[in-house]
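What follows is a set of notes on a single structure, which appears directly below.
All residue numbers in this chain count up from 1 along the given sequence. Just follow the structure's listing: the first ligand is 1, and inside any ligand the first atom is 1. As the structure is a computational prediction, the values presented were derived from the model and not from experiment.
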Amino acid sequence: MDNKNYVPNLFGSMVFNENTMKERLPKQTYKDLKKAIENNSELNLEIANVIANAMKDWALEKGVTHFTHWFQPMTGITAEKHDAFIQPTADGNIIMEFSGKELIKGEPDASSFPSGGLRATFEARGYTAWDPTSYAFIKDNILCIPTVFMSYTGEVLDKKTPLLRSMEALNKQALRILKLFGKDNVKRVTTTVGPEQEYFLVDKEYYSKRLDLMLTGRTLLGAKAPKGQELEDHYFGNIKTRVAAYMEDLDRELWKLGVLAKTKHNEVAPAQHELAPIFASTNISADHNQLTMELMKKIADKHGLVCLLHEKPFEGINGSGKHNNWSLSTDLGENLLDPGKKPEDNVQFLTFLCAVIKAVDEYQDLLRISVANAGNDHRLGANEAPPAIVSIFLGDHLEAVLESIENSSVYASEKATKMELGVDIIPKFTKDTTDRNRTSPFAFTGNKFEFRMLGSTFSVSGPNIVLNTIAAEALEQFADTLEAAPDFKTALDDLIKSTIQKHKRIIFNGNNYSDEWVEEAEKRGLLNLKTTVDALPHFVDEKNIALFEKHNIFTNVEMHSRYEILLEEYSKVLNIEALTTVDMVRRQILPAVTSFMKELSDTIISKKSVGLSTSCDMEKGTLTQVSTFANKLYEEVEKLNTLLTKAEERKDAYDNANFYKSEVIPAMEATRAACDGLEVLVGENYWPIPTYSDLIFRI
Ligand code: ADP
Ligand code: MG
């Protein structure tokens, strides 16, 4: 085997990428396709036919029999429906065919995907349309065509369409700003994303004995193991052989699909790990992150493991998040959030930086909403992930620079020079050494922002739709002001200064986990939308609807439908969790506890019957404790069950979600507390489900 070229040859081998296209498409077709992508224009059917045919031949050579339009409905995961290439011929045989029409457009039944009342079932048709900016690929012997998904009447039903639109909105406004800096040669600004993905691995055998893990992805019951993460011996620790084999397999499969899997390591919690890819254009990154999550699960299965992507699989140890590293990059390769080497780039950098600061301050609510779901509510603000309060970390150095601009003082550095633009700026920012503030929700890390509030199950599309759109809005306002100004330099100077003054409240370099910050943030007037139910209603605030409508991302109707979907999803998740809790307690835990109590009682009776003179203190003591907890558990689970019947009565989606939040969650917690109290008293052989020690340490 050619070891040296093993990985390069493997990489992208299952992707109809640039190389494959160049190799297999007629020159003119390739050019036409590139042009269509560049200009965002439609492909004509003739060209599509040629591309489809080349794709099919390539796929057939790799043993593929079917194709699918691969799309991202609002469920947050991907969807596919497989069609064989076969076409019957007159003589009763078949040929393998794939037409341009089939490549460009599909018509799946849209009625079974969430739409938030956008569609009645009688107009259930939806269609998928090829997104040529993301390469087709082969997965499980299926040719997958990345597509957008919309209703027949044109309403957006997926996460990709608004993401592409938001990238377009940002491109438009960023180009206006660059033009003002004399950069006419830049043709396109793209947002880039590198999502760091956290996950847990547990043994499949234990997993399959836990109804809660199987149905909800997290443990609804379970006493803490004697050991947790307190020894801090897992982060970056030695990777167990079984896990290492899994990671190796995962890397290879991802590389075949062109995913730039780069870094892997153990995370803080036992059995928790992370994978980080090299960043890519946001659209590709979103597709790749979906593939990564899918493969993480599939490959775990091959290794007798189960990959848990839930935000909080285990109580008492850290849950999993996803860090969304985000920046802006031009077609000439310039990173617009890189302070750069030349002073004039600094000013341009400061303009983009200020736009982001303004955007984050003005749309804290949208950023918070973009990371809201039932699972993430367990993490945000729980001293393991950023709080629900959105703020920006800039580092002392950059903050000092902004302060000096605001006060028109010379930045206190030897290298400080007076810029012509009137702002005092140092020629080159050094990377801040304190950029390791892991508590900040939105941290500037040298040449990008790291949005750290995402939960591990999230599609990165949602948060990036928000980021791109709010940044586009701020840049648009900047461009409007600057283009109209008689003197660009003075206007820019004023703009940067006033933006800092107006929005500096969003900058916070301290410990985001502290109680003092909660108080301080309140004084600053920052939002603290603690739970999903607190956050979601702001999605349809007038200012937010106006924003998305203005940039053609969502219509008013689409926003209300999305709001509805999010509320419903929240209630459904909690309903399933509560039902599962009731089921496990009634059918597994209480019967097991009864057996244990019987054993204790029988022992007491037997001991007495043989006329032992020693006491039955141990048996009686244990029986009393167990019996007390068992009664408590019975009482709590009955209460929970009664609440669930009441939950069904509510018709309004918000009322319903709020009921789950304020009534059902506390009841579930009380049930759990009683159950966990029992777990540590009941004999190991009696306890019917694997324990935290089994799940976290036995792998
Ligand atoms: P850390 O753990 O310190 O956050 P990692 O190396 O694990 O660092 O992750 C950093 C992530 O940031 C990687 O996915 C990387 O590709 C991404 N990244 C780096 N530069 C950019 C950029 N310009 N735009 C978007 N993402 C970026
Ligand atoms: Mg990170």
**Report entry** NZ (Lys264) with more than 12 external heavy atoms under 6.0 Å
**Finding:** yes
Report task. Give a yes or no on whether a salt bridge exists between Lys504 and Asp361, defined as a side-chain N under 4.0 angstrom from a carboxylate O. Result -> no
Report task. Could you check Asn324, Thr192, Asn468, Thr191 and say which one makes a side chain to side chain donor-acceptor pair (under 3.5 Å) with Thr282? Result -> Thr191
Requested in this report: Out of Arg452, Lys262, Lys448, Lys264, indicate the one that has the non-hydrogen atom closest to atom 19 (C) of ligand 1.
Outcome: Lys448
Report summary line: Quick note on ligand 1: atoms under 4.0 Å from a heavy atom of Ser327 include exactly 22 (C), 23 (N), 24 (N)
Query raised in the report: Would you call Asp233-Lys227 a salt bridge at under 4.0 Å N-O?
Result: yes
Requested in this report: Go through ligand 1 atom by atom and flag the ones less than 4.0 Å from a non-hydrogen atom of Ile278.
Outcome: 16 (O)
Query raised in the report: Considering distance alone, does some N or O of Thr192 sit under 3.5 Å from an N or O of ligand 1?
Result: yes
Query raised in the report: Can you list the atoms of ligand 1 that are under 4.0 Å from a heavy atom of Glu274?
Result: 7 (O)
Query raised in the report: Distance from Asn512 atom CG to Thr439 atom OG1, nearest 0.5 Å?
Result: 4.0 Å
Query raised in the report: Touching ligand 1 at all, Glu196? Heavy atoms, strictly under 4.0 Å?
Result: yes
Query - Backbone of Lys448 reached by a side-chain donor or acceptor of Ser327 within 3.5 Å - result: no
Query - Selected option - heavy-atom contact closest to atom 13 (C) of ligand 1, from Pro277, Ala280, Gly446, Ser329 - result: Pro277
Report task. For Glu450, take its heavy atoms, then give the atoms of ligand 1 lying under 4.0 Å from any of them. Result -> 4 (O)
**Report entry** N/O donor-acceptor pair under 3.5 Å between Ser285 side chain and Val193 backbone
**Finding:** yes
Query raised in the report: So is Asn325 polar-close to ligand 1, meaning N/O to N/O under 3.5 Å?
Result: yes
**Report entry** Those atoms of ligand 1 less than 4.0 Å from some heavy atom in Asn335
**Finding:** 23 (N)
